[in-house]
> 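I have a structure here, written as structure tokens, and I will follow up with some questions on it.
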Amino acid sequence: MTTTVFEDVIVRAIKLDDLPVLHVFAASQAQTKLPTIIDYHGWTTPTSSELVASYQLVQAGFRVILPTAYLHGSRNDGTDLDRHPEHFWEIVGHSVAEFPRLVAALVTSGMSDPDKIGVMGTSMGGITAAGIMATQPTVVAGVSLIGSPEPVAFAKDQVSQIPAELLAQLPAELLTKTYAQIGQFDLSQQVERLAGRPMFFFNGTADTMVPYKYVDDFERRFSGNAALQQTVFKHATGGTHHVPHKMHQAAVAFLKQHIIG
């Protein structure tokens, strides 16, 4: 009979280059240089919401870092995000821009192997993960769960749903500037930057929060492109804004295969 040994997994609140994160690792590997996954949470959800996937990643041999997004958790300055959704893209932009700082701190500390860094995220975090794959060429592999690789299209659809009287108050130049900023990490606008690196997408076809149509369109447009030669698309027919346990398992297996081997 095979006995499975479950090692103690430690969750520690720390700061990396003054950025608050949860650090998740196996007790016996606290001082070991490890393959590392940086995993981003969703809009208005706590950093700890990613701990279920983190445990599986640690069991697979990774060190896991869960960043706290700008204006969330300890980084909130009193802003009620439920009443101020206009901060959404600013928050994603912060996470994409801060990623190199996290990696540098991890590598300098000796905790992470710079050649075995991956990224993962859920919902807003999935959008962030795709954005990081579009901007950080040294990331080995990425996972976007219920996110979008077409953030500009998503942002424009969000704007189209704003009541006309409120939309009229938004300066056209502000929208143009915002779309340009988002475009800098829009994977669909620079798909060649994926460069054949492994990427995993999962979405539910009935998702109304981050509609499936963006991933579906991305797959239809670029599935024959060499840049997507190691990209995997999964979907749940009729699935809503939720990640099933089996998809977390599949995502972890994907990252282990392509980063650890």
Side-chain angles (χ1 to χ4, degrees), residues 1-16 19-42 45-69 73 95 99 102-103 105-107 109-126 128-130 132-133 138-147 197-203 230-234 236 239 242-261:
M1 183 176 69
T2 302
T3 301
T4 302
V5 177
F6 292 95
E7 185 178 358
D8 286 344
V9 174
I10 294 174
V11 180
R12 185 171 292 163
I14 64 170
K15 286 190 175 182
L16 294 172
L19 296 170
V21 305
L22 291 182
H23 175 203
V24 191
F25 57 97
S28 66
Q29 297 180 311
Q31 304 302 318
T32 305
K33 181 185 292 186
L34 292 174
T36 299
I37 303 298
I38 299 179
D39 184 2
Y40 291 86
H41 64 81
T45 60
T47 312
S48 59
S49 63
E50 293 299 299
L51 283 175
V52 171
S54 297
Y55 182 81
Q56 296 177 50
L57 287 163
V58 170
Q59 292 296 115
F62 290 104
R63 184 182 304 283
V64 184
I65 299 297
L66 308 180
T68 296
S95 293
F99 181 84
L102 296 174
V103 173
L106 288 163
V107 172
S109 69
M111 290 193 291
S112 298
D113 184 338
D115 298 320
K116 294 184 178 182
I117 302 291
V119 66
M120 182 173 177
T122 304
S123 191
M124 180 180 73
T128 300
I132 287 168
M133 292 298 285
T138 60
V139 178
V140 178
V143 169
S144 174
L145 303 173
I146 55 176
R197 289 175 294 159
M199 187 76 200
F200 181 107
F201 289 99
F202 166 76
N203 290 74
Q230 293 195 86
T231 297
V232 172
F233 295 92
K234 302 285 187 180
H242 168 71
V243 183
H245 178 64
K246 66 180 182 180
M247 280 302 142
H248 275 138
Q249 291 179 312
V252 170
F254 181 86
L255 291 171
K256 181 178 181 179
Q257 174 190 352
H258 291 291
I259 300 177
I260 296 178

> Measure from the side-chain N and O atoms of Asn203 to the backbone N and O of Gly147, and report whether any donor-acceptor pair falls under 3.5 Å.
yes
> Any side-chain heavy-atom pair from Thr231 and Met133 closer than 4.5 angstrom?
no
> Roughly how far, to the nearest 0.5 Å, is the CG atom of Leu19 from the CZ atom of Phe99?
12.5 Å
> State, to 0.1 Å, how close Pro35 and Gly61 come at their nearest heavy-atom pair, and which atoms those are.
CD-O, 3.9 Å
> Are any of the side-chain heavy atoms of Phe200 and Met247 separated by less than 4.5 Å?
yes
> Under a 3.5 Å cutoff, is there a donor and acceptor pairing between the side chains of His23 and Arg63?
yes
> Compare every heavy atom of Leu102 with every heavy atom of Pro67, then report the nearest pair and how far apart it is.
CG-CD1, 3.7 Å
> Any side-chain heavy-atom pair from Val140 and Ile117 closer than 4.5 angstrom?
no
> Is Val21 close to Ile14 at the side-chain level, that is, under 4.5 Å between some pair of heavy atoms?
yes
> Quick one, Gln29 with Val58, criterion side-chain contact (heavy atoms from CB on, under 4.5 Å). Give me CA distance, side-chain angles, the key distance, then yes/no.
CA-CA 10 Å; Gln29 297 180 311; Val58 170; 5.8 Å; no
> Are Pro114 and Thr138 side-chain neighbours, meaning at least one heavy-atom pair lies under 4.5 Å?
no
> Hey, does Ile38 have a side-chain heavy atom less than 4.5 Å from the side chain of Leu106?
yes
> Going from OG1 on Thr68 to OH on Tyr40, what distance comes out if it is rounded to the nearest 0.5 angstrom?
11.0 Å
> Looking at Ser54 and Leu66, what are the two nearest heavy atoms and their distance?
OG-CD2, 3.3 Å
> Any heavy-atom pair between the side chains of Lys246 and Lys234 that's under 4.5 Å?
no
> What distance do Thr47 atom OG1 and Asp39 atom CG have between them, rounded to the nearest 0.5 Å?
10.5 Å
> Any chance you could lay out the side-chain contact (heavy atoms from CB on, under 4.5 Å) test for Ile37 and Ile259, step after step, and finish with the verdict?
CA-CA 10 Å; Ile37 303 298; Ile259 300 177; 3.7 Å; yes
> What closest approach, in Å, do Ala141 and His258 show between heavy atoms, and which atom pair accounts for it?
CB-CB, 4.3 Å
> How long is the span from the CG atom in Leu34 to the CG atom in Leu57, to the nearest 0.5 Å?
12.0 Å
> Specify the closest pair of heavy atoms between Val252 and Ala60, including all atoms of both residues, with the distance to one decimal.
CG1-CB, 3.9 Å
> Looking only at non-hydrogen atoms, find the nearest pair between Phe254 and Pro198 and report the distance.
CZ-CB, 3.5 Å
> Apply side-chain contact (heavy atoms from CB on, under 4.5 Å) to Leu145 and Met120, showing your working.
CA-CA 8 Å; Leu145 303 173; Met120 182 173 177; 3.7 Å; yes
> Atom OG1 of Thr128 and atom NE2 of His41: how far apart are they, to the nearest 0.5 Å?
9.0 Å
> Before you tell me yes or no, could you show the steps for Asp113 and Thr36 under side-chain contact (heavy atoms from CB on, under 4.5 Å), namely the whole-Å CA-CA distance, both residues' side-chain angles and the distance that decides it to 0.1 Å?
CA-CA 7 Å; Asp113 184 338; Thr36 299; over 6 Å; no
> Would you give the length of the straight line joining atom CE of Met124 to atom OG1 of Thr45, rounded to the nearest 0.5 angstrom?
6.5 Å
> May I ask you to decide if the ring planes of Phe233 and Phe201 are parallel, tilted or perpendicular, using 30° and 60° as cut-offs?
parallel
> Side chains of Phe62 and Lys256, heavy atoms from C-beta outward: is any pair under 4.5 Å?
yes
